[in-house]
Amino acid sequence: MPTLTIDNVTVEVPQGATILEAAKKAGIKIPTLCYLEDVQAIGACRVCMVEIEGARTLMASCVTPAGEGMKVHTNSKKAREGRRTVVELLLSDHSGDCQTCDRNNDCELQALAHDLGIHDITYPGEKSAPHMDASTPALIRDTGKCVLCRRCVTVCNETQGVGGIFPQGRGFTTVVGPAFSQDLDDVVCVQCGQCAAVCPVGAIVERDQIQDVWAALDDPTKTVVVQTAPAIRAALGECFGLEPGTLVTGRMVTALRRLGFHAVFDTNFTADLTIMEEGTELLTRLKKALVDKENVALPMFTSCSPGWIKYIEYFYPDMLANVSTCKSPQQMFGALAKTYYAQKIGKKPEDMVVVSVMPCTAKKYEAQRPEMSDSGVQDVDIVLTTRELGKMIQEAGIDFVNLPEGTQDSPMGMSTGAADIFANTGGVMEAALRTAWELVTGTELPFENLHVTPVEGLEGIKEAAVTFEGCQPEWSFLNGVTAKVAVAHGLSNARKLIEKIRSGEASYHFIEIMTCPGGCIGGGGQPRMTTNAIRMKRIEAIYKEDEGRKLRKSHENPEIKQIYEEFLGHPLGEVSHKLLHTKYTPRLKA
Amino acid sequence: MVEKEQGCCCCEEEASEEELLARLDGIIQEYKDKPGALIPVLQQAQAVFGYLPDVALRKISLGLDKPYSEVAGVVGFYSFFSTHPRGKHMIRVCLGTACYVRGGKQVLDELKHRLSIDVGETTPDRVFSLDVARCFGACGLAPAIMIDDNVHQRVKPARLQQILDQYIDEDQARADKKAESKAKA
Ligand code: SF4
Ligand code: SF4
Ligand code: SF4
Ligand code: FES
Ligand code: FES
């Protein structure tokens, strides 16, 4: 336990702690840029340099271990000037106008320049030629704004195991991006947006579709409906300075109404529907395997997360039969809004505009997949991220924090606690088990307070097993069968899990995969910066929402019962098959 | 894009693309589970193909389980890797300090102009490739260029064609001789 002094404050830290961590403990803020908590400390940018007595040069505090008796100065003339030079050099090769930048007011470089009091750029020089990559529906890259911090490289390679981007070239002409300066659409990128979530500047951002939404709202010939994903309500408040983990469900609904949407619905409704369809699909596959001795693909993977879908299409195309054929809740909603709901209000699908608010950039990609137009036109027209909705509310001058609570419209606005927990890792599994168990046994899932605790939390890969007993006659073949399930979040964990299955080291019946670390609450479109501590706060909020509900199992949702009676028939029925299920496309990895 | 091998001077017999790729497979197998395999595999692949064609890079990416973006990043980082076929003769123009101040830049511009190619490129007839370098240790007689293993010193832009012609003539003479002996046999 070394003890050191930083700016004359004495602090004791655990062995191996860095000077940056020690300073944090001492309540001293050292500016950083490439460093990102839980993601990387690589000493690349030198913004965090400090002066250590006895050391010849300034040291990067994010990678220098705190030593016994060290005397560190974060604010000496030398440290201040060193830092300032580094930031000035960064700014001298930065092309962008803050006023019109997506990151205006939410930019770490801008904040650094402000905090360090930089007023002019003393190194005007050659700027590297910027490249704009607008090749994907989800993301826009602008290499002119990149500060080469490599955060995106680390998340894309290590957290996601995709490896779509890497530093290309060397020296002054280095560009962080796909191989040989191709665009994202030419490479294996799954459009998860985790790169955009960690980028400190405006070099990778979501494709902004706010203007498209305004245009739809301004068009008198259109009926514009909106759905919000389960994870939005636990994070949107952060855009307005509320504490992470503040639930803003009611205020969100009111804000959407004030923006002018004709009906405010909920993706949670189709999350409940997903459980009905996917649960039935799983039980059907089990029956085929156990009773009919058919050769069916097991384990079955969940299919809610479009980044994961694109990932398995690239990396394990031979396993596509294992993926549930269920569309994601976003797409189920779109298909039903333009058929079921449109018929109810006497509109044609082409006169409806379906807007989604998603924690995810890959949802923008998913919405425009060619197979996602079962209503006859594109089912979901426009996808906004949580951040974009925050901006829209701001633009409309709505005082979000002080809004009264609203409630969603019927018939696609009601949901249960099982739908809430779709927002976080382990939640879809828990929701599925709550319903499947009860369907099979007629009794409630035997976990305390319905929480399948082994699959909760931020562990990368989680497992659980439940043994069926006392099954209803229809499901008697499951008596004594132990269903083994697993949950992974972050695609590199998905990959580890799949490799274990392929090598025969592990076997399961049902697997939940979420693309982003922590699940959708940590999605690529959520307010920045999402650390593990913030992930946990959002997850706690989601479970609180779930526990506060009267109905906590998808099959209890009265609007779900109603839609099956009025429109769909039964799970996996003919209408479901047409509107709620889909197929996948094998893709070439390299 | 991979161009058909046109038979290069350095290998005795002409190997087909399939044979070259099979050789690459062998190299990948040999290094597969070793740490730090990427750079040596790229070096050997370049020795096999003469450069690093896209098919080879993709094979290496899959074979070593390294993202294609990382393979490309490493290739782009080291100047001795080339993704374009190299010409028969490699011209390197020194842009070290001494050469630069004594006209290295003009020599380079003249070469670009005469060969109608840019740095890192090869003439369409695959005779010359052009690259830049830093200091051959010939600073006293700057500006210097290096063609294959020969250093040419105190190069004047006006004399460049003469130097290039030497190589073209030598090649021609060699080809003639070969044809002659073939005809005799
Ligand atoms: S990236 Fe940051 S510093 Fe650059 S233009 Fe955008 S807001 Fe300004
Ligand atoms: S969107 Fe995801 S897969 Fe694509 S480059 Fe960014 S982190 Fe990598
Ligand atoms: S794109 Fe953003 S995250 Fe990636 S290196 Fe550049 S500045 Fe860093
Ligand atoms: S923050 Fe420490 S070097 Fe970048
Ligand atoms: S600078 Fe050109 S040879 Fe030394």
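These numbers come from the heavy atoms of this one structure, side chains and all, not from hydrogens, waters or symmetry mates. Chain naming here is simple, since letters A, B, ... match the order of the sequence lines and numbering starts at 1 in each.
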Which atom of [X] lies closest to which atom of [Y], heavy atoms considered:
{"X": "A/G169", "Y": "B/F77", "result": "O-CD1, 3.7 Å"}
{"X": "B/P67", "Y": "A/V162", "result": "CB-O, 4.5 Å"}
{"X": "A/A179", "Y": "B/S69", "result": "CB-CA, 3.8 Å"}

Residue [X] excluded, over 12 heavy atoms near [atom1] under 6.0 Å:
{"X": "B/E121", "atom1": "CD", "value": "yes"}
{"X": "A/H131", "atom1": "NE2", "value": "yes"}
{"X": "B/Y100", "atom1": "OH", "value": "no"}
{"X": "A/R502", "atom1": "CZ", "value": "yes"}
{"X": "B/K182", "atom1": "NZ", "value": "no"}

Assess the residue pair B/K66 and A/F166 against the criterion (side-chain contact (heavy atoms from CB on, under 4.5 Å)); give the C-alpha distance rounded to whole Å, side-chain angles, the decisive distance to 0.1 Å, and a yes or no. CA-CA 11 Å; B/K66 288 265 177 220; A/F166 200 81; over 6 Å; no
For each of B/D65, B/V75, B/T83, tally heavy-atom pairs with chain A at distances under 4.5 Å, and name the one with the top tally.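 Most pairs with chain A among the choices: B/D65.
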